[in-house]
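Convention: sequence-line order gives letters A, B, ...; per-chain numbering from 1. All values below were derived from every heavy atom in this structure, side-chain atoms included, with hydrogens, water molecules and symmetry-related copies excluded.
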Amino acid sequence: MKKVYIYKIFERFWHWAQALLILILMISGFEIHSSFNLLGYGTAVKIHDFAAWAFLVLIIFAIFWHFTTGEWKQYIPTTKYLKAQFDYYVVGIFRGAPHPTKKLVYNKFNPLQRLIYLGLKVLVIPIQVISGFLYLYFHYPIKGLELQSLDLVAVIHTFGAFLLLAFMIAHVYLTTTGYKPMSAIKAMITGWEEMSEEEIKERLVSDIETSILKSRAQLKSTEDYNELFDAAISSVGKKAGITSLADPRFKDAIENSGAGYFFIGKDGIYNDVNETWYKLYKYDSKDEIIGKHYRLSRTEEDFAELEAHVGIVLKTGQIINHGEVKRICKDGSIGYHTLTISPVYKEDKIVGIEGFIIDTTGQLLAERELLKKQIRIDEEFKKRKSKED
Amino acid sequence: MKKIRLFFFVAFLFPLWSNAQIETENRETDSTSVLKVQNYIRMENRNLTPSVDHSTFPQLKQEFKTAHDVTAACISCHTGRADEIMKTNHWLWERTEKLEGKGELPLGKKNILNNFCIGISGNEKSCTRCHIGYGWKDKSFDFSNKLNVDCLICHDNSDTYKKKRGGAGYPDESVDLNYVAQSVGKPSKINCGVCHFWGGGGNNVKHGDLEKALLDCNREVDVHMAVEGENMSCIECHITDKHNIEGKLYALSSENKNRATCTHCHSNAPHTDKLLNEHFIRVACQTCHIPTYAKVNGTKLYWDWSTAGRLDEDGNPIHENDADGNHNYLSIKGTFVYDTDVIPEYYWFNGIANHQLITDTIGTIPVQMNSLSGSYMDKGEHKKTNKPSKIWPVKVHRGKQIFDPVLNKLIQPKLYAEMKGDSAYWKDFDWNKASQAGMNYLGLPFSGKYDFVKTEMYWPLNHMVSPKEKALSCKECHSRNEGRLAQLNDFYLPGRDKNRFFDFIGIGLVVLAALGAILHGSLRVLFRKKSSSKI
């Protein structure tokens, strides 16, 4: 059984600070609502006011964090697997069925969580904050601008509190539905979540797929293809507790992710490739390519460029991410892919290079087709127009 | 990364720290140091020896044949003082006041009705025992004669001066006018109290917060007047300028002017607690600081005139007392209810009152003898006042008194006369005759029919301020049931009010969530056992 790093430090701090503040606000707030006597009314009011300010500061930091890290995207609602997730909680969970969605770095939340958390973030909490501050600062009608009555604000604020309390109960209960009853809570404390081997593998695959998607999206734009892909891949590895790309788990994951893997020795001879790689190059098995020089994979003019890059990596240990390149397949046909090249170390010495290739041929062909079509339509259109004139 | 964490941490702690700073700053300001004490001499600095010895003055050694002679002697030195006092309410028993919907009217004790002894008209000889003059026995009284002014009632420091019962303000025959005239000085508590404590025919009958116990009381009764404390006299707060004494009572007054307020000495933010200071915007100081009134002796809360007139077998008036020794029945007046340590009722009040005049048709029942204006929505932006309405503690005196059911107006009966046969109710016990005589005196019509109608009168409380430890706590008002403001329902009060519907839905959701979790959890445990037992 392995652990996977899911929650970052700020995220955990934010979560627990928020939990604590909501709890404090809840206790003091319901005392203000005369639901019970615990702290004393005046003390409850003071604590509530103070916790409200602390909460606001926390929210500002959390908003900043969500936007700078792009974590906000985790909350984009989706209907994909929504029913499956619902069915799981209603039926599957009792039969020991697997979770229909996996907890992944790039997709931490299941569709139900996305919906509920988004609802909290954009609806309940803003309403609580706004109604709370109206409550706090406009409670005495003495000027024309003030609230005419606390009625509405107080009722909204109280109802919001009930919603949050109901959420909290359900939320705490649902933490027990993880891999083990305590694993979700432990993950929220340490950042590392316990998962089964299978889940970890799936998670890796998914993360790599996400990385690939990202790099492709990047490719489409005219911007330079940066370190994105490699950085993503290596962070995926780190979070899975994998230090070496050669880790079999990682290779397995890559195998299933649609990325091709290669390992070329210092002498330029292929030492290893994965299935995706040799299929992209239209070989029938990896034996056909292992032991051969990478010169095979390029046209004359492209080879010089690749050689130069490989030289840099071997010499400096730098990781190179490359935009789209043209490859020569076994049958002499041409394909396109993007490429990362990183050094392979053995006892502090660079013994070769390894990397991934992500096929872009299909995508390119489709795009070209589209373009051709568009041109035809445009021409047709022009013709007709000139005829009409 | 560590730097960022530290930054977050510091940024998060900053509001905690700054708030704590403010708290300490607040705590450092001593509450007494923020008093705006002007023209006030503290107890330890007071010099109780008078600056002049009136007993040495030859003017006061002459033999006074009448009380008027004393006045003449006083104003022979204190020139102009009579003119001053003759402009004041204490002399005129009326002042021009603007009433909502009624315009400017001369109003005061002279013509306003209450639900105690109803009114002075026709009964002057008895009522004007509390007038600062001599001889106001009927309409013929000369308000312009300086010699009619009674200086002694306020300035006697010998505590031997007293006015005669039914004597139209003249002193009792037993009074040694020379002795009193030679012992004059600044008014003390008893000078004011002799009328303001015993108003309505007995100690603490009317106000509830002004009574003889204040002459010698501890801090629990009144922090300002407590003998062991500052032992303040009335005029310490009711600052007097040219014999015009600041302060007013809304049994008679209507406009928001010339009031004696707490903020003459205390600041607008006297608490160290910001939250409490905020309450000052809509809550009068009195509300929290006068938790109960009539702390020592009972005050009259109910007066039913309709039961009056029950006589004993010999046709003589009777009186019955309650367990505390307060009257609960008098033939001449009817049935009473007294109580001590009374919890006030609370109303919005903006300093403006209205009055049911004898010429006014009765609208609402109980008849509002005086009504305090104000509401939650009254923010003071209309021109009547410049301050928003505040919640005030009020003594409400309820009663049942005589009215004309045909004309639908209150009746001023003639109550007092020296002997029978003068139509006075207190001698003849005939409401018809008393009503006829009273209304005739005022030149107002009487249909010949009378009945009794419920009335209410409002007395905002200002005295018997408790020590701060005894001030109301939050929960006295901010509580769901039976809070002090349970009747003041025109606004949302946190802790008292809730929206039943949304609370129900909210609690329902919480319960459903909890039940759902319990049910779901137990099902999971159950199914897991089943599936594992299969294996």
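- Neither the backbone nor the side chain of Leu493(B) has a heavy atom closer than 4.5 Å to any heavy atom of chain A.
- Interface check for chain A: of the options Phe491(B), Phe502(B), Phe501(B), the most heavy-atom pairs under 4.5 Å are formed by Phe502(B).
- For the pair Arg282(B) and Tyr376(B), the cation sits on the ring face: its NZ or CZ lies under 6.0 Å from the ring centre, inside 45° of the axis.
- One finds no salt bridge joining Asp497(B) and Arg480(B) here, because no Lys/Arg side-chain nitrogen approaches an Asp/Glu carboxylate oxygen to under 4.0 Å.
- One N or O on the side chain of Arg484(B) and one on the backbone of Pro291(B) form a donor-acceptor pair closer than 3.5 Å.
- Top candidate by heavy-atom pairs under 4.5 Å with chain A, chosen from Ile518(B), Leu276(B), Val510(B), Val511(B), is Val510(B).
- Arg95(A) forms no cation-pi arrangement with Tyr88(A), by the criterion of a distance under 6.0 Å to the ring centre and an angle within 45° of the ring axis.
- Geometric assessment of Lys390(B) against the ring of Tyr347(B) yields a negative cation-pi assignment under the 6.0 Å and 45° thresholds.
- When Gly521(B), Gly506(B), Ala513(B) are compared by the number of non-hydrogen pairs under 4.5 Å with chain A, Gly506(B) comes out ahead.
- Heavy-atom pairs under 4.5 Å with chain A were tallied for Ile507(B), Leu509(B), Asp490(B), Ile505(B); the largest tally goes to Ile507(B).
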